[in-house]
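One structure is given below, encoded as structure tokens.
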Amino acid sequence: MTDPSLRCPILHVDMDAFYASVATRDRPDLHDRPVIVGGGSRGVVLSASYAARLHGVRSAMPMTRARRMCPHAVVLAPDFELLGQVSAAVMECFRRVTPLVEALSLDEAFLDVRGAARRLGTPLEIAEQLRATIHDEQGITCSVGVAAVVSVAKLASRRAKPDGVLVVPPEEITSFLHPLDVGELWGVGEKTRAMLHRLGLVTVGDVAHIPLRTLQRAVGAGLGSHLHELAWGTDRRVVTARRGPDEPDRSMGADETFDRDTDDREVVLRELLRLSARVTGRMRVAGVAGRTVTLKLRFADFTTITRSRTLPEGTDVTQEVYRTAVRLYDALGLQRARLRLVGVRVEGLVPRETVQRQLVLGEREHGWSEADRAVDRAARRFGSAAVRPASLLS
DNA sequence: TCTGGGGTCCTAGGACCC
DNA sequence: TCTGGGGTCCTAGGACCC
């Protein structure tokens with residue numbers, strides 16, 4: 001019998017309930033219990049065990065609602081250090097199969113196994129080997145979608161969950177895709193789904209069969225042709241092992257939701273300083289600088305605005321980012337507006353050594369830059385909690 | 001006590017330059 | 001007196017992903 005995966009070199013591997021599985025893998029007492037991994041009082045569900053999902057708990061649901069739905073659930077905080085370690089080990093396991101590994105997040109990746117056939121077998125056999133290895137080495141399960149097209153493999157892994165494999169051969173792509181709700185497509189979220197439904201386009205098949213021009217008039221040229229390709233499983237996206245040291249992130253940012261909404265300028269500025277320090281600290285570790293500073297504010301009614309300013313030169317200096325954020329904040333002239341969240345992001349990142357500091361700024365900024373490096377050194381020796389700007393000492 | 005925190009990409013208008 | 005286009009940069013917002 002021929003293996004249906006023979007013309008399906010793309011694997012999408014997705015850990016099952018990753019955060020919850022990692023949190024409970026050394027806790028046999030919790031294995032069949034509803035477990036929710038999530039943040040603090042105003043947080044959302046990051047991951048729910050399958051026992052918790054039986055009660056309707058889902059990722060991204062407010063924690064308050066999740067607790068109401070499942071009062072006896074065990075609630076755990078995420079351990080990002082551990083999650084990062086498990087993720088790195090899993091990705092390493094993928095790279096033993098092929099160098100063409102594209103990590104999408106901590107817990108999922110595309111693999112192009114075209115070159116591994118001679119060594120390891122068919123894509124389906126490789127998928128099963130990977131699942132067994134990850135289970136043995138990491139004590140967690142995963143699901144794998146196998147297809148000839150990236151976007152189809154992605155949907156197939158979801159259908160395979162939990163702890164399964166689904167192969168969608170080329171001749172079965174349309175019969176697999178077309179009955180699905182349009183909201184299942186990768187890139188179609190709540191808003192686009194609602195818009196398509198309003199147009200009478202409910203299933204992927206509906207989107208596939210509407211004339212491209214009509215679709216483009218309704219949703220725009222770019223999204224229209226993209227949706228058409230997704231609906232026919234003809235997108236040409238390839239698996240690229242990327243984001244090496246030579247390709248930095250495009251932006252870095254940090255934001256924080258207050259425990260309670262605030263209209264106190266002092267509280268806001270203190271938070272902006274802490275966020276600026278966090279972001280620029282990460283930038284210095286990564287060796288990047290950026291020119292555009294963006295301030296993000298979310299008000300009590302959840303409306304969100306951004307204000308940005310592009311500097312003449314890239315920077316990784318805490319005080320420079322902080323001062324820019326404060327200027328943007330003050331320029332808004334808010335009068336007792338209650339803020340729920342503030343954020344700071346630096347965009348347009350480039351390797352730091354490509355930045356030419358202007359001489360005119362050199363004198364003043366040099367001092368702050370030196371201060372940052374001293375803080376970084378101290379943080380490495382004593383931990384980041386030991387070193388912080390004086391105004392953050394309470 | 002509804003709604004986190006980290007990102008990416010796209011669109012659209014205005015400024016500015018040629 | 002009447003109004004071209006193309007390209008790039010900047011800003012703001014929004015959709016989406018995990």
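So you know, we letter chains A, B, ... as the sequences are listed, proteins then strands, and number each from 1.
- The distance between atom CZ of R42(A) and atom P of dT1(B), rounded to the nearest whole Å, is 12 Å.
- The number of heavy-atom neighbours closer than 6.0 Å to CZ of R309(A), taken from other residues, nucleotides and ligands shown, is 12 or below.
- When heavy atoms are screened at a 4.0 angstrom cut-off, L46(A) is found touching base atoms of the nucleic acid.
- Crowding of R373(A) atom CZ: a count of heavy atoms from other residues, nucleotides or ligands under 6.0 Å exceeding 12.
- For the segment residues 191-198 of chain A, residues with any heavy atom less than 4.0 angstrom from an atom of DNA chain C are, sorted by number, K191(A), T192(A).
- You'll find that the side chain of A60(A) is closest to dG4(B), out of dC18(C), dG4(B), dG7(B).
- Under the 4.5 Å side-chain criterion, counting only non-hydrogen atoms from C-beta, T315(A) is not in contact with V355(A).
- The residue L104(A) sits apart from the nucleic acid: no heavy atom pair falls under 4.0 Å.
- A salt bridge links R42(A) with D261(A): at least one charged nitrogen is closer than 4.0 Å to a carboxylate oxygen.
- Side chains of T262(A) and D264(A): no donor on one and acceptor on the other come within 3.5 Å.
- For the pair R260(A) CZ and dC2(B) P, the interatomic distance rounds to 12 Å; values are reported in whole Å.
- Checking D163(A), D136(A), T141(A) one by one against R131(A), the side-chain hydrogen bond (donor to acceptor under 3.5 Å, both in side chains) holds for a single residue, D163(A).
- Computed from coordinates, the E102(A) CD to dC17(C) C1' distance equals 13 Å when rounded to whole Å.
- Here, dC16(C) and dG4(B) have their C1' atoms 16 Å apart, quoted to the whole Å.
- The pair R298(A)-D255(A) does not count as a salt bridge, with every side-chain nitrogen at least 4.0 angstrom from each carboxylate oxygen.
- Per the stacking criterion (ring centres < 5.5 Å, plane angle < 30°), F302(A) stacks onto the base of dT3(B).
- Side-chain proximity of P62(A) to dG6(B), dT3(B), dC18(C): nearest is dT3(B).
- By the 6.0 Å contact criterion, CZ on R213(A) is open, its count of non-hydrogen atoms from other residues, nucleotides or ligands being 12 or less.
- In this entry the distance linking CE of M91(A) with P of dC18(C) reads 13 Å, nearest Å.
- Taking atom CZ of residue F258(A) and atom C1' of nucleotide dG5(B), one finds them 15 Å apart after rounding to whole Å.
- Ring geometry, H12(A) versus F110(A): the interplanar angle falls from 30° to 60°, so the pair is classed tilted.
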Could you go through nucleotides 8-10 of chain C and list every protein N or O atom that sits under 3.5 Å from one of its N or O atoms, giving the distance for each pair?
| from | atom 1 | to | atom 2 | distance (Å) |
| --- | --- | --- | --- | --- |
| dC10(C) | OP1 | R291(A) | NH2 | 3.0 |

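- Stacking of R53(A) on the aromatic ring of Y50(A) is recorded, both the 6.0 Å distance cut-off and the 45° axial limit being met.
- Counting non-hydrogen atoms under 4.0 angstrom, R282(A) reaches the backbone sugars and phosphates but no base.
- Closest approach to the D255(A) side chain among dG7(B), dC18(C), dG6(B) is made by dG6(B) (side chain taken as heavy atoms from C-beta onward).
- At least one side-chain heavy atom of V75(A) sits less than 4.5 Å from a side-chain heavy atom of M63(A).
- Taking a pair to require two hydrogen-bonding distances under 3.5 Å in either a Watson-Crick or a G-U wobble arrangement, dA12(B) pairs with dT11(C).
- In the set dC16(C), dG4(B), dG7(B), the nucleotide with an atom closest to the side chain of R298(A) is dG4(B).
- For T257(A) and dG5(B), the shortest distance from a side-chain N or O to OP1 or OP2 is below 4.0 Å.
- For the segment residues 143-158 of chain A, residues with any heavy atom less than 4.0 angstrom from an atom of DNA chain C are, sorted by number, K154(A).
- Straight-line distance from the CG atom of L341(A) to the C1' atom of dG6(B): 12 Å, rounded to whole Å.
- Within the 4.0 angstrom heavy-atom criterion, no nucleotide atom of any strand lies near M61(A).
- Checked against a 6.0 Å centroid threshold, the rings of W186(A) and H226(A) do not count as neighbours.
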Let's go through H72(A) and H55(A) carefully: what are the C-alpha distance in whole Å and the side-chain angles of both, what is the deciding distance for ring-ring contact (aromatic ring centres under 6.0 Å, His included) to 0.1 Å, and is it a yes or a no?
CA-CA 11 Å; H72(A) 52 294; H55(A) 293 81; 5.0 Å; yes

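- Using the Watson-Crick or G-U wobble rule with both distances under 3.5 Å, dG6(B) pairs with dC17(C).
- Within 4.0 Å of R345(A), counting heavy atoms only, lies at least one base atom of the nucleic acid.
- Counting any heavy atom pair closer than 4.0 Å across all strands shown, G253(A) reaches sugar-phosphate atoms only and no base atom.
- Note on L185(A): only backbone sugar-phosphate atoms sit closer than 4.0 angstrom, heavy atoms only; bases stay farther off.
- Rounded to an integer number of Å, the gap from CG of L332(A) to P of dT11(C) is 14 Å.
- Within the 4.0 Å cut-off from OP1 or OP2 of dT3(B), at least one side-chain nitrogen or oxygen of R340(A) is found.
- Regarding Y19(A), its OH atom lies at a distance of 7 Å from the C1' atom of dC18(C), rounded to whole Å.
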